[in-house]
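One structure is given here, and the rest of the page talks about it.
Numbers for residues simply follow the sequence, beginning at 1. The figures here come from the full heavy-atom set of this structure, side chains too, leaving out hydrogens, waters and symmetry mates.
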Amino acid sequence: TYIAKHGIEFLRKKEVARIHGLSVEEYDLFVESQGNRCAICGKSETRLGKDGKTVTPLCLDHCHVCEDKGKYIIRGLLCHKCNSAMGKLHDDIDILKAMIRYLDAHEHQE
């Protein structure tokens, strides 16, 4: 089958690239330029796919505001945790700043 021939990792990258209008080679260039690490936390992806064995590819983060205006701008690659957090906050800088202030005010003390 196609999966056996190309491998699930390649197929996952191909799907991410397809969704964002890139080739697998272009996606791989993004991965290489970031050292296969998240642009926010700097960590490698750890989320496993449906098979429970293979790590999913990094998410291609893009600007939704620009997309609404007819432009498609890829900002970088993010791990699933950072990408999900950004999405849940709707890329709202004011909320992110408020979260930082909150965490600073309630910093863990030993």
C79 meets the side-chain contact (heavy atoms from CB on, under 4.5 Å) criterion, sequence neighbours left out, with C38, C41, E45, L58, K81, C82

Measuring only between side-chain heavy atoms, which start at C-beta, is L48 closer than 4.5 Å to T54? no

Interatomic distance, CG@L78 vs NE2@H62, rounded to 0.5 Å, equals 11.0 Å

Sorted by chain and number, sequence neighbours left out, side chain to side chain donor-acceptor pair (under 3.5 Å) with R75 holds for D61, D91

Nearest heavy-atom contact between H80 and C59 is CA-SG, 4.1 Å

Sequence neighbours excluded, the answer for side-chain contact (heavy atoms from CB on, under 4.5 Å) partners of L89 is I95, L96, M99

CG of L60 to CZ of F30, rounded to nearest 0.5 Å, is 6.5 Å

Taken to the nearest 0.5 Å, the spacing of N83 CG from K88 NZ works out to 10.5 Å

Apply side chain to side chain contact (heavy atoms under 4.5 Å, CB included) to residues L77 and V31 and explain how you reach the verdict. CA-CA 7 Å; L77 297 170; V31 172; 3.6 Å; yes

Checklist line | Any donor-acceptor N or O pair under 3.5 Å, side chains T56, R47 | finding: no

*Is L103 atom CG crowded by more than 12 heavy atoms from other residues, nucleotides or ligands, each under 6.0 Å away?*
yes

